[in-house]
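Here's the structure, in C-alpha coordinates; my notes come after.
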Amino acid sequence: MSNKLKYILIFVALPVTLVLVFFLSMVLEEKKAAKEAKDTASETSAISEEERINQMLLAEYQKSQTTRQQVEISTETQELTPEDNEFDDMIDETDASEVAAPSEDDLSEEDEAIIKAAEEENRSNNGLNYNGIQIVTGMNMGAATDGFVLTLTDAELAAPHPLFLQYDPRWAGFPYGMGTMKSSACGPTCFAMVITALTNITNASPPMVATYSMNHNYYVPGAGTAHGLFLQGASDFGLYCMEISNNEAEMKAHIDNGEMLVLSVHYGNFTHSGAGHFIVIYGYNDNGFMVNDPASYERSTRYWPYSVFSGDINKIYALGN
(Lines give C-alpha, C1' and ligand atoms only; values in the text may rest on other atoms or scores of the structure.)
Protein backbone atom coordinates (compact mmCIF):
# COMPACT_ATOMS: atom_id res chain seq x y z
CA MET A 1 0.00 0.00 0.00
CA SER A 2 1.40 3.39 -1.01
CA ASN A 3 1.92 6.19 1.49
CA LYS A 4 -0.61 8.31 -0.37
CA LEU A 5 -3.30 5.67 0.07
CA LYS A 6 -2.43 5.33 3.75
CA TYR A 7 -2.84 9.06 4.26
CA ILE A 8 -6.20 8.97 2.50
CA LEU A 9 -7.40 6.17 4.80
CA ILE A 10 -6.13 7.90 7.93
CA PHE A 11 -7.19 11.46 7.24
CA VAL A 12 -10.32 10.96 5.11
CA ALA A 13 -11.92 7.53 5.42
CA LEU A 14 -11.37 7.09 9.16
CA PRO A 15 -12.95 10.43 10.17
CA VAL A 16 -15.86 9.81 7.84
CA THR A 17 -16.37 6.39 9.42
CA LEU A 18 -16.24 7.85 12.90
CA VAL A 19 -18.78 10.54 11.97
CA LEU A 20 -21.08 7.92 10.48
CA VAL A 21 -20.83 5.77 13.61
CA PHE A 22 -21.55 8.81 15.77
CA PHE A 23 -24.65 9.80 13.81
CA LEU A 24 -25.85 6.20 13.64
CA SER A 25 -25.57 5.87 17.41
CA MET A 26 -27.51 9.12 17.81
CA VAL A 27 -30.28 7.83 15.54
CA LEU A 28 -30.47 4.58 17.47
CA GLU A 29 -30.60 6.45 20.79
CA GLU A 30 -33.38 8.68 19.47
CA LYS A 31 -35.38 5.66 18.32
CA LYS A 32 -34.85 4.00 21.70
CA ALA A 33 -35.93 7.15 23.52
CA ALA A 34 -38.98 7.50 21.26
CA LYS A 35 -39.98 3.89 21.91
CA GLU A 36 -39.59 4.34 25.67
CA ALA A 37 -41.65 7.52 25.53
CA LYS A 38 -44.34 5.73 23.51
CA ASP A 39 -44.41 2.82 25.96
CA THR A 40 -44.61 5.23 28.89
CA ALA A 41 -47.39 7.18 27.23
CA SER A 42 -49.26 3.97 26.50
CA GLU A 43 -48.88 2.83 30.12
CA THR A 44 -49.94 6.23 31.39
CA SER A 45 -52.92 6.18 29.05
CA ALA A 46 -53.94 2.75 30.38
CA ILE A 47 -53.65 3.96 33.97
CA SER A 48 -55.62 7.07 33.11
CA GLU A 49 -58.35 4.98 31.47
CA GLU A 50 -58.63 2.72 34.51
CA GLU A 51 -58.74 5.75 36.79
CA ARG A 52 -61.42 7.30 34.57
CA ILE A 53 -63.55 4.15 34.93
CA ASN A 54 -62.98 4.11 38.69
CA GLN A 55 -64.16 7.72 38.85
CA MET A 56 -67.13 6.86 36.64
CA LEU A 57 -68.22 4.12 39.04
CA LEU A 58 -67.92 6.47 41.99
CA ALA A 59 -69.98 9.08 40.17
CA GLU A 60 -72.62 6.48 39.31
CA TYR A 61 -72.88 5.52 42.97
CA GLN A 62 -73.08 9.13 44.18
CA LYS A 63 -75.78 9.83 41.62
CA SER A 64 -77.76 6.81 42.80
CA GLN A 65 -77.89 8.08 46.37
CA THR A 66 -80.05 11.04 45.36
CA THR A 67 -81.96 9.54 42.46
CA ARG A 68 -82.47 5.86 43.37
CA GLN A 69 -86.13 6.21 44.33
CA GLN A 70 -86.87 8.34 41.29
CA VAL A 71 -85.06 5.89 39.00
CA GLU A 72 -86.94 2.90 40.41
CA ILE A 73 -90.28 4.63 39.94
CA SER A 74 -89.81 6.53 36.70
CA THR A 75 -87.28 4.60 34.59
CA GLU A 76 -88.93 3.58 31.34
CA THR A 77 -88.72 -0.16 30.75
CA GLN A 78 -86.57 -0.85 27.71
CA GLU A 79 -87.88 -2.93 24.84
CA LEU A 80 -86.69 -6.50 25.34
CA THR A 81 -84.76 -8.47 22.76
CA PRO A 82 -84.91 -12.27 22.29
CA GLU A 83 -81.80 -12.89 24.39
CA ASP A 84 -83.49 -11.08 27.27
CA ASN A 85 -86.17 -13.74 27.61
CA GLU A 86 -84.09 -15.09 30.48
CA PHE A 87 -82.96 -12.80 33.26
CA ASP A 88 -81.10 -13.33 36.49
CA ASP A 89 -82.23 -14.94 39.70
CA MET A 90 -85.10 -12.74 40.82
CA ILE A 91 -87.13 -15.60 42.23
CA ASP A 92 -90.39 -15.51 40.26
CA GLU A 93 -92.83 -13.10 41.95
CA THR A 94 -91.40 -13.64 45.43
CA ASP A 95 -91.06 -10.46 47.48
CA ALA A 96 -87.42 -9.65 48.19
CA SER A 97 -88.06 -9.71 51.93
CA GLU A 98 -89.10 -13.36 51.66
CA VAL A 99 -85.92 -14.46 49.89
CA ALA A 100 -83.65 -16.37 52.23
CA ALA A 101 -79.92 -16.87 51.91
CA PRO A 102 -78.89 -19.93 49.87
CA SER A 103 -79.84 -23.06 51.78
CA GLU A 104 -77.42 -25.88 52.47
CA ASP A 105 -80.15 -28.17 53.85
CA ASP A 106 -79.74 -30.66 51.02
CA LEU A 107 -76.02 -31.12 51.63
CA SER A 108 -74.61 -34.20 53.29
CA GLU A 109 -72.87 -33.90 56.65
CA GLU A 110 -69.58 -34.57 54.86
CA ASP A 111 -70.20 -31.70 52.42
CA GLU A 112 -71.17 -29.37 55.24
CA ALA A 113 -67.97 -30.26 57.12
CA ILE A 114 -65.88 -29.59 54.00
CA ILE A 115 -67.53 -26.22 53.45
CA LYS A 116 -67.17 -25.23 57.10
CA ALA A 117 -63.48 -26.12 57.09
CA ALA A 118 -62.97 -24.27 53.81
CA GLU A 119 -64.70 -21.15 55.09
CA GLU A 120 -62.63 -21.21 58.27
CA GLU A 121 -59.44 -21.49 56.23
CA ASN A 122 -60.61 -18.68 53.98
CA ARG A 123 -61.29 -16.42 56.97
CA SER A 124 -57.75 -17.08 58.16
CA ASN A 125 -55.92 -16.82 54.84
CA ASN A 126 -58.32 -14.92 52.59
CA GLY A 127 -58.07 -17.74 50.09
CA LEU A 128 -57.73 -21.49 49.82
CA ASN A 129 -56.82 -24.18 47.37
CA TYR A 130 -59.58 -26.78 47.41
CA ASN A 131 -59.00 -29.89 45.31
CA GLY A 132 -56.79 -27.86 43.00
CA ILE A 133 -59.29 -24.99 42.67
CA GLN A 134 -57.96 -21.69 43.99
CA ILE A 135 -60.72 -19.80 45.80
CA VAL A 136 -60.20 -16.17 46.76
CA THR A 137 -63.12 -14.33 48.35
CA GLY A 138 -63.34 -11.56 50.89
CA MET A 139 -66.57 -12.90 52.39
CA ASN A 140 -66.54 -12.52 56.16
CA MET A 141 -63.25 -10.64 55.94
CA GLY A 142 -64.87 -7.25 56.42
CA ALA A 143 -66.95 -6.54 59.49
CA ALA A 144 -70.51 -5.48 58.76
CA THR A 145 -71.17 -1.81 59.44
CA ASP A 146 -74.24 0.39 59.55
CA GLY A 147 -73.72 1.00 55.85
CA PHE A 148 -72.41 -1.16 53.02
CA VAL A 149 -68.82 -2.10 52.21
CA LEU A 150 -68.27 -0.98 48.64
CA THR A 151 -64.56 -1.77 48.42
CA LEU A 152 -62.73 -5.02 47.69
CA THR A 153 -59.86 -6.58 49.63
CA ASP A 154 -56.29 -6.49 48.32
CA ALA A 155 -56.43 -10.28 47.88
CA GLU A 156 -59.57 -10.00 45.74
CA LEU A 157 -58.02 -7.30 43.57
CA ALA A 158 -54.87 -9.39 43.08
CA ALA A 159 -56.65 -12.70 42.42
CA PRO A 160 -56.80 -14.01 38.83
CA HIS A 161 -60.50 -14.92 39.30
CA PRO A 162 -61.97 -13.69 42.62
CA LEU A 163 -65.26 -15.16 43.85
CA PHE A 164 -67.89 -12.57 44.78
CA LEU A 165 -71.03 -13.84 46.48
CA GLN A 166 -74.41 -12.13 46.41
CA TYR A 167 -75.04 -12.99 50.05
CA ASP A 168 -71.70 -11.58 51.24
CA PRO A 169 -72.59 -9.54 54.36
CA ARG A 170 -70.64 -6.60 52.95
CA TRP A 171 -73.40 -5.94 50.41
CA ALA A 172 -76.15 -8.61 50.68
CA GLY A 173 -78.80 -6.03 51.57
CA PHE A 174 -77.68 -3.41 49.06
CA PRO A 175 -80.72 -2.39 46.95
CA TYR A 176 -80.90 -3.69 43.40
CA GLY A 177 -84.04 -3.03 41.42
CA MET A 178 -87.07 -4.31 43.28
CA GLY A 179 -84.92 -6.50 45.52
CA THR A 180 -81.41 -6.68 46.92
CA MET A 181 -77.99 -7.96 45.88
CA LYS A 182 -78.79 -11.24 47.64
CA SER A 183 -82.12 -11.78 45.93
CA SER A 184 -81.59 -10.35 42.47
CA ALA A 185 -78.06 -9.36 41.48
CA CYS A 186 -76.30 -12.42 40.09
CA GLY A 187 -75.81 -10.54 36.79
CA PRO A 188 -73.92 -7.53 38.21
CA THR A 189 -72.03 -9.80 40.63
CA CYS A 190 -70.79 -11.94 37.72
CA PHE A 191 -69.88 -8.83 35.75
CA ALA A 192 -67.95 -7.48 38.76
CA MET A 193 -65.93 -10.72 38.92
CA VAL A 194 -65.03 -10.47 35.24
CA ILE A 195 -64.09 -6.76 35.37
CA THR A 196 -61.92 -7.23 38.46
CA ALA A 197 -60.21 -10.32 37.02
CA LEU A 198 -59.48 -8.95 33.54
CA THR A 199 -58.62 -5.32 34.32
CA ASN A 200 -56.87 -3.22 36.94
CA ILE A 201 -60.08 -1.37 37.77
CA THR A 202 -60.37 -1.32 41.56
CA ASN A 203 -63.87 0.09 42.11
CA ALA A 204 -65.85 -2.65 40.35
CA SER A 205 -67.27 -4.26 43.49
CA PRO A 206 -70.68 -5.97 43.09
CA PRO A 207 -72.73 -3.10 44.56
CA MET A 208 -70.89 -0.54 42.41
CA VAL A 209 -71.54 -2.56 39.24
CA ALA A 210 -75.15 -3.09 40.35
CA THR A 211 -75.52 0.69 40.63
CA TYR A 212 -74.05 1.07 37.13
CA SER A 213 -76.56 -1.52 35.86
CA MET A 214 -79.47 0.34 37.43
CA ASN A 215 -78.37 3.76 36.18
CA HIS A 216 -77.98 2.48 32.62
CA ASN A 217 -81.37 0.72 32.55
CA TYR A 218 -79.93 -2.80 32.36
CA TYR A 219 -82.23 -3.77 35.22
CA VAL A 220 -85.72 -4.57 33.95
CA PRO A 221 -88.28 -3.90 36.71
CA GLY A 222 -89.85 -7.08 38.02
CA ALA A 223 -87.66 -9.34 35.91
CA GLY A 224 -83.96 -8.87 36.47
CA THR A 225 -80.80 -8.02 34.58
CA ALA A 226 -80.91 -7.71 30.80
CA HIS A 227 -78.14 -9.40 28.87
CA GLY A 228 -77.21 -6.01 27.47
CA LEU A 229 -75.27 -5.43 30.70
CA PHE A 230 -72.58 -7.66 29.19
CA LEU A 231 -73.11 -7.11 25.47
CA GLN A 232 -73.25 -3.32 25.56
CA GLY A 233 -71.83 -2.55 29.01
CA ALA A 234 -68.49 -4.34 28.46
CA SER A 235 -67.07 -1.51 26.35
CA ASP A 236 -67.53 0.96 29.22
CA PHE A 237 -64.96 -1.09 31.15
CA GLY A 238 -62.43 -1.56 28.35
CA LEU A 239 -63.70 -5.05 27.55
CA TYR A 240 -65.34 -6.73 24.57
CA CYS A 241 -68.20 -9.21 24.71
CA MET A 242 -69.49 -11.68 22.15
CA GLU A 243 -72.07 -14.43 22.23
CA ILE A 244 -70.66 -17.89 21.50
CA SER A 245 -72.32 -21.24 20.90
CA ASN A 246 -73.07 -23.91 23.47
CA ASN A 247 -70.11 -26.03 22.44
CA GLU A 248 -67.43 -27.46 24.73
CA ALA A 249 -64.54 -27.01 22.28
CA GLU A 250 -65.50 -23.40 21.54
CA MET A 251 -65.82 -22.59 25.25
CA LYS A 252 -62.35 -23.99 25.91
CA ALA A 253 -60.88 -22.10 22.95
CA HIS A 254 -62.14 -18.78 24.32
CA ILE A 255 -60.79 -19.57 27.79
CA ASP A 256 -57.43 -20.47 26.21
CA ASN A 257 -57.56 -17.01 24.59
CA GLY A 258 -57.57 -15.41 28.04
CA GLU A 259 -61.30 -14.71 28.08
CA MET A 260 -63.87 -15.44 30.78
CA LEU A 261 -67.36 -16.78 30.14
CA VAL A 262 -70.64 -15.58 31.59
CA LEU A 263 -73.41 -18.15 31.25
CA SER A 264 -77.14 -17.58 31.47
CA VAL A 265 -78.61 -20.80 32.84
CA HIS A 266 -82.15 -21.96 33.55
CA TYR A 267 -83.63 -24.28 36.18
CA GLY A 268 -81.17 -27.09 36.82
CA ASN A 269 -77.82 -27.56 38.52
CA PHE A 270 -77.26 -23.90 39.40
CA THR A 271 -80.71 -22.55 40.16
CA HIS A 272 -84.17 -23.73 41.12
CA SER A 273 -85.67 -20.44 40.01
CA GLY A 274 -87.77 -20.27 36.90
CA ALA A 275 -86.30 -16.83 36.24
CA GLY A 276 -82.79 -18.15 35.56
CA HIS A 277 -79.32 -17.34 36.85
CA PHE A 278 -75.88 -16.11 35.73
CA ILE A 279 -72.57 -17.85 36.50
CA VAL A 280 -68.92 -17.32 35.49
CA ILE A 281 -66.57 -19.91 34.00
CA TYR A 282 -62.87 -19.05 34.13
CA GLY A 283 -60.94 -22.27 33.51
CA TYR A 284 -60.98 -26.01 32.92
CA ASN A 285 -58.91 -29.16 33.21
CA ASP A 286 -59.47 -32.90 32.77
CA ASN A 287 -61.97 -32.86 35.65
CA GLY A 288 -64.25 -30.26 34.06
CA PHE A 289 -64.89 -26.52 34.01
CA MET A 290 -64.15 -24.19 36.94
CA VAL A 291 -67.14 -22.10 37.96
CA ASN A 292 -67.61 -19.00 40.07
CA ASP A 293 -71.26 -19.11 41.09
CA PRO A 294 -72.29 -15.84 42.79
CA ALA A 295 -75.05 -17.68 44.68
CA SER A 296 -73.04 -20.59 46.05
CA TYR A 297 -69.65 -21.00 47.66
CA GLU A 298 -70.08 -24.78 47.55
CA ARG A 299 -70.82 -24.95 43.81
CA SER A 300 -67.75 -22.78 43.21
CA THR A 301 -65.45 -25.38 44.81
CA ARG A 302 -66.40 -28.15 42.35
CA TYR A 303 -65.37 -29.12 38.84
CA TRP A 304 -68.24 -29.21 36.35
CA PRO A 305 -68.00 -31.65 33.40
CA TYR A 306 -69.65 -30.18 30.31
CA SER A 307 -71.99 -33.16 30.07
CA VAL A 308 -73.42 -32.35 33.51
CA PHE A 309 -74.52 -28.76 32.88
CA SER A 310 -74.66 -28.30 29.08
CA GLY A 311 -78.42 -28.78 29.12
CA ASP A 312 -78.82 -25.90 31.61
CA ILE A 313 -77.32 -23.28 29.28
CA ASN A 314 -79.38 -20.56 27.60
CA LYS A 315 -76.65 -18.18 26.44
CA ILE A 316 -72.85 -17.95 26.69
CA TYR A 317 -70.96 -14.67 26.53
CA ALA A 318 -67.17 -14.51 26.13
CA LEU A 319 -65.57 -11.38 27.59
CA GLY A 320 -61.99 -10.34 27.03
CA ASN A 321 -59.64 -7.41 27.51
**Q.** For the student: nearest non-hydrogen atoms of Tyr176 and Met181, plus distance
**A.** CB-N, 4.2 Å

Q: Would you check if Met251 and Tyr306 make a side-chain contact, meaning some heavy-atom pair closer than 4.5 Å?
A: yes

Q: State, with a plain yes or no, whether a side-chain heavy atom of Phe230 is found less than 4.5 Å away from one of Val194.
A: no

Q: For residues Phe191 and Met193, determine if any side-chain heavy atom of one lies less than 4.5 Å from a side-chain heavy atom of the other.
A: no

Q. Is the closest side-chain heavy-atom distance between Pro188 and Pro206 below 4.5 Å?
A. no

Q. Would Phe174 and Lys182 count as a side-chain contact (heavy atoms from CB on, under 4.5 Å) if you check the C-alpha gap in whole Å, the side-chain angles of each, and the deciding distance to 0.1 Å?
A. CA-CA 8 Å; Phe174 189 88; Lys182 182 172 72 175; over 6 Å; no

Q: Carefully, step by step, assess Phe309 and Val291 under the rule side-chain contact (heavy atoms from CB on, under 4.5 Å).
A: CA-CA 11 Å; Phe309 70 94; Val291 167; 5.8 Å; no

Q.
With side-chain contact (heavy atoms from CB on, under 4.5 Å) as the criterion, how do Thr196 and Glu156 come out once you've worked through the C-alpha distance, each side chain's angles and the decisive distance to 0.1 Å?
A. CA-CA 8 Å; Thr196 302; Glu156 287 172 320; 5.6 Å; no

(Q) How close do Ala226 and Val220 get, counting heavy atoms only, and between which atoms? (A) CB-CG2, 4.1 Å

(Q) For Leu319 versus Ala234, what's the shortest heavy-atom pair and its separation? (A) CD2-CB, 4.1 Å

Q: Decide yes or no for Pro294 and Leu165: does some side-chain heavy atom of the first lie under 4.5 Å from some side-chain heavy atom of the second?
A: no

Q. Can you tell me how far the CG atom of Leu231 sits from the OG atom of Ser235, to the nearest 0.5 Å?
A. 10.5 Å

(Q) Quick check for you: to the nearest 0.5 Å, what is the distance between Ile316 atom CD1 and Ser310 atom OG? (A) 9.5 Å

Q | Ring centres under 6.0 angstrom apart (Trp304, Phe270) | A | yes

**Q.** Spacing of Glu49 atom CD and Asn54 atom CG [to the nearest 0.5 Å]
**A.** 10.5 Å

Q: Ignoring hydrogens and angles, tell me if any N or O in the side chain of Ser296 forms a donor-acceptor pair with the backbone of Asp293 under 3.5 Å.
A: no

Q) Is there a side-chain contact between Asp236 and Tyr212 (heavy atoms, below 4.5 Å)? A) yes

(Q) Would the distance check show the side chain of Ser213 and the main-chain N or O of Val209 forming a donor-acceptor pair, the cut-off being under 3.5 Å? (A) no

Q) Shortest non-hydrogen contact from Val136 to Ala155? A) CG1-O, 3.6 Å

Q) Can you tell me how far the CG atom of Leu263 sits from the CD1 atom of Ile313, to the nearest 0.5 Å? A) 4.5 Å

Q: State whether the side chain of His266 and the backbone N or O of Gly311 hold a donor-acceptor pair below 3.5 Å, judged by distance alone.
A: yes

Q. In this structure, which one of Asn321, Leu57, Thr199 forms a side-chain contact (heavy atoms from CB on, under 4.5 Å) with Phe237?
A. Leu57

Q.
For Pro162, is there any backbone N or O sitting under 3.5 Å from a side-chain donor or acceptor partner on Asn292?
A. yes

Q. Does Tyr267 share a hydrophobic cluster with Ile279, counting links as ILVMFWY side-chain heavy atoms below 4.5 Å and allowing steps through other members?
A. no

Q | Side-chain heavy atoms of Phe164 within contact of Thr137, under 4.5 Å | A | no

Q.
Quick check: Tyr282 with Phe289 (ring centres under 6.0 Å apart)?
A. no

Q: Find the distance between CE (Met260) and SG (Cys241) and round it off to the nearest 0.5 Å.
A: 12.5 Å

(Q) Quick one, Glu60 with His216, criterion side chain to side chain donor-acceptor pair (under 3.5 Å). Give me CA distance, side-chain angles, the key distance, then yes/no. (A) CA-CA 9 Å; Glu60 294 280 358; His216 290 259; 2.7 Å; yes

(Q) Please report the interatomic distance CG(Leu152) to CZ(Arg170), rounded to the nearest 0.5 Å. (A) 6.5 Å

Q: Answer yes or no: is there a donor N or O on one side and an acceptor on the other, between the side chain of Asp312 and the main chain of Asn269, under 3.5 Å?
A: yes

Q. Do side-chain atoms of Asp168 reach the backbone of Trp171 as a donor and acceptor pair under 3.5 angstrom?
A. no

Q) Can you find a pair of side-chain heavy atoms, one from Met290 and one from Asn285, that are under 4.5 Å apart? A) yes

**Q.** Distance-only polar pair, side chains of Glu250 and Ser245, donor-acceptor under 3.5 Å
**A.** yes

Q.
Quick one, Asp256 with Tyr284, criterion side-chain contact (heavy atoms from CB on, under 4.5 Å). Give me CA distance, side-chain angles, the key distance, then yes/no.
A. CA-CA 9 Å; Asp256 290 340; Tyr284 69 89; 2.8 Å; yes

Q. Looking at the rings of His227 and Phe278, which for Trp means the six-membered one, are their centres under 6.0 Å apart?
A. yes

Q) Is the shortest side-chain N to carboxylate O distance from Glu259 to Lys252 below 4.0 Å? A) no

Q. Which heavy atom of Gly173 sits nearest a heavy atom of Thr180, and at what distance?
A. O-CG2, 3.9 Å

